[in-house]
Number of protein chains: 2
Amino acid sequence: MGSTAGNKGTRGRRERLRAETTAEIKEVALALMASGGPDAITLRAIAREMGMTANAIYGYFATRDDLVSTLIDDVYTALADAVDAAWQASSGKDAATRVHAWADAFRDWALAHPEGFRLIYGDPVPGYQAPPGGPAPDAARRVCTGLAGLAAEAWPWAEPLYADSDFTWSDFDPALLDKLRPAFPGLPPAAVALALRIWGRLHGLVSLEIYGHLRGQTPSPDKLFHEELAQLVRALGLSPRA
Amino acid sequence: MGSTAGNKGTRGRRERLRAETTAEIKEVALALMASGGPDAITLRAIAREMGMTANAIYGYFATRDDLVSTLIDDVYTALADAVDAAWQASSGKDAATRVHAWADAFRDWALAHPEGFRLIYGDPVPGYQAPPGGPAPDAARRVCTGLAGLAAEAWPWAEPLYADSDFTWSDFDPALLDKLRPAFPGLPPAAVALALRIWGRLHGLVSLEIYGHLRGQTPSPDKLFHEELAQLVRALGLSPRA
DNA sequence: GCCGAAACTATACGGTGTGAAGTTTTGATA
DNA sequence: TATCAAAACTTCACACCGTATAGTTTCGGC
């Protein structure tokens with residue numbers, strides 16, 4: 001099985017063209033989304049842009065929702081990459097600084113890709129549930145793992161503050177724990193709960209901002225976010241210096 | 001101008017019928033939304049349900065987006081009513097209990113009306129910005145005012161914890177302050193910032209839950225929310241008893 | 001040069017929001 | 001009570017959407 005001897009180039013050509021077309025469809029779709037929101041992702045508009053027929057896209061994606069969920073996969077992965085990179089880049093710094101680095105990367109990415117954020121955290125495909133094994137849930141767990149990294153980094157200081165947490169391992173999805181426990185062997189359930197709550201705090205302000213609900217209340221969402229971060233750092237038992 | 005003498009009944013009839021039809025359109029639209037999400041709100045489906053033609057609805061709403069934003073107004077107002085009622089009902093209790101009451105009312109409403117929550121905080125009408133004077137921004141400010149009530153209630157204990165806040169009145173929208181400052185005369189800018197941050201914390205976990213992003217991580221979003229609440233109460237300087 | 005698969009197009013159907021024009025209903029008036 | 005104008009509603013039309021089916025073109029491998 002596999003390629004006929006010596007024909008790697010030719011068989012590769014078809015595949016390459018196919019990959020390029022697939023990539024172009026996604027690119028155009030992302031551009032449409034960036035300029036007109038998720039609803040602007042239209043098979044006909046994409047095809048128009050590419051000089052094709054809308055039906056040609058069905059050779060690459062079974063359905064529009066399929067295309068959109070592939071986009072979600074890509075975009076969510078990009079977000080996870082961004083925060084992971086910020087985390088890596090802050091390696092060696094003190095815990096408070098690293099928390100700021102992670103959180104800022106999260107918000108900065110969201111502000112730079114508001115439509116991407118909506119794509120991930122809104123539901124552009126109503127009623128859609130990502131397939132359990134797919135890249136999107138994986139990216140979500142990468143984000144959670146990153147947050148668990150924050151919690152783990154801060155845990156030496158934070159632990160006494162969360163002594164009354166009554167979380168147990170059974171309070172978390174096994175698939176999440178499969179990623180988390182090997183990465184952070186000493187981390188107790190309380191710290192995982194802390195990670196999810198940190199997610200909530202960051203997601204809350206950022207999503208209010210992205211969806212415009214802060215606009216009518218404050219012209220300084222930046223300041224608000226950073227004060228929230230300062231308080232978060234304090235709630236982790238870290239010294240507020242950054 | 002006004003009604004012809006003695007004809008109040010007849011002129012009132014037209015208006016009553018019109019009001020009833022308007023109400024029925026909204027009812028049917030909400031029912032469609034509840035069963036099939038915001039995208040199920042379709043002029044034709046509404047008309048079908050009502051035994052009318054889709055175009056007849058244009059006599060009541062200028063456009064579909066108009067109808068949807070009217071729904072947003074209504075639903076947001078209902079949410080504001082719900083949290084306000086819980087706040088009133090907890091009057092006299094201690095601050096920690098009242099914080100719990102408000103927050104639980106918020107989350108309970110969201111869980112009871114997930115589509116309504118999505119309608120308010122997602123953006124079913126892409127690119128839509130609520131008219132500045134309309135009911136939706138007003139409801140948003142009612143929610144913020146409620147949150148400021150929490151902050152005000154807790155402020156005697158919380159104040160020393162937020163001494164380093166550098167917020168000033170210019171960091172908030174005048175329309176918000178117009179509602180807030182008369183209601184809570186002694187409240188400093190730091191407390192308003194605190195209110196908005198509390199909003200973020202509550203909104204974060206609830207919206208992650210409503211949009212299903214917590215489902216893959218924990219089977220106990222309840223527990224998570226209540227631990228978050230306990231920590232919030234602690235961060236307000238209140239004793240964690242409830 | 002030929003073949004078969006892959007890529008793509010043409011056509012069609014049912015759905016959507018919405019505009020323009022015509023029809024019916026109905027409350028006020030002469 | 002007959003009439004009339006406005007309001008309510010329907011009909012028709014258009015452009016757009018996703019998508020199924022069938023037909024056509026393209027092109028690598030023999």
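Per chain, numbering begins at 1; letters A, B, ... match sequence-line order. Just the heavy atoms: all of them, side chains too, but no hydrogens, waters or symmetry mates, feed the values below.
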| remark: Whole-Å distance, B/M50 CE to D/dA8 P, equals 13 Å

| Do A/R118 and A/Y211 come within less than 4.5 Å of each other through their side chains, counting heavy atoms only? | yes

| To the nearest angstrom, how far is B/F61 atom CZ from D/dA8 atom C1'? | 15 Å

| message | What is the separation between atom CG on B/L17 and atom C1' on D/dA6, rounded to the nearest whole Å? | response | 15 Å

| message | Rounded to whole Å, please give me the gap between CD1 in A/I46 and C1' in D/dG18. | response | 12 Å

| task | Name every residue in residues 21-34 of chain A that has at least one heavy atom under 4.0 Å from any atom of DNA chain C, in order of residue number, or write none if there are no such residues. | result | none

| query | If we only count heavy atoms from C-beta on, is the A/T21 to A/M50 side-chain gap below 4.5 Å? | reply | yes

| Qualifying salt bridge (Lys or Arg N to Asp or Glu O under 4.0 Å) pairs, either residue in residues 43-62 of chain B, two or more places apart | none

| Do the non-hydrogen side-chain atoms of B/D173 and B/L177 ever get within less than 4.5 Å of each other? | no

| field | All pairs passing salt bridge (Lys or Arg N to Asp or Glu O under 4.0 Å) where residues 203-217 of chain A contributes a residue, at least two apart | value | A/R107-A/E209

| query | What is the per-nucleotide protein-contact pattern of nucleotides 17-24 of chain C, from the 5' end, where B denotes a base atom under 4.0 Å from a protein heavy atom, S denotes such proximity for sugar-phosphate atoms only, and - denotes neither? | reply | BBBB----

Would you tabulate the nitrogen or oxygen pairs shorter than 3.5 Å linking the protein to nucleotides 22-27 of chain D?
none

| Counterpart residues, salt bridge (charged side-chain N to carboxylate O under 4.0 Å, His left out), relative to B/D81 (two or more places apart) | B/R142

| message | I want to check something: taking the side chain as every heavy atom from C-beta on, are B/F184 and B/V192 in contact at a cut-off of under 4.5 Å? | response | no

| query | If you check every side-chain atom of A/M52, which of D/dT10, C/dT9, D/dC16 has the closest atom? | reply | C/dT9

| request: Answer yes or no: is there a donor N or O on one side and an acceptor on the other, between the side chain of A/D73 and the main chain of A/A136, under 3.5 Å? | output: yes

| Between atom CZ in A/R16 and atom P in D/dG28, what is the gap in whole Å? | 10 Å

| message | From CG of A/D39 over to C1' of C/dT16, roughly how many Å is that when rounded to an integer? | response | 12 Å

| request: Provide, to the nearest angstrom, the distance between the CD atom belonging to B/E15 and the P atom belonging to D/dA6. | output: 17 Å

| Can the ring centroids of B/H203 and B/F117 be said to lie less than 6.0 angstrom from one another? | yes

| request: Would you mind checking if B/E20 and B/R16 are paired as a salt bridge, meaning a charged N to carboxylate O distance below 4.0 Å? | output: yes

| Is the side chain of A/R141 donor-acceptor paired with the backbone N or O of A/L180 at a distance under 3.5 Å, no angle test? | no

| field | Interatomic distance where CZ belongs to B/R18 and P belongs to D/dA6 [whole Å] | value | 16 Å

| message | Once you apply a heavy-atom cut-off of 4.0 Å, does B/Y60 come out as touching a base, just sugar-phosphate, or nothing? | response | sugar-phosphate

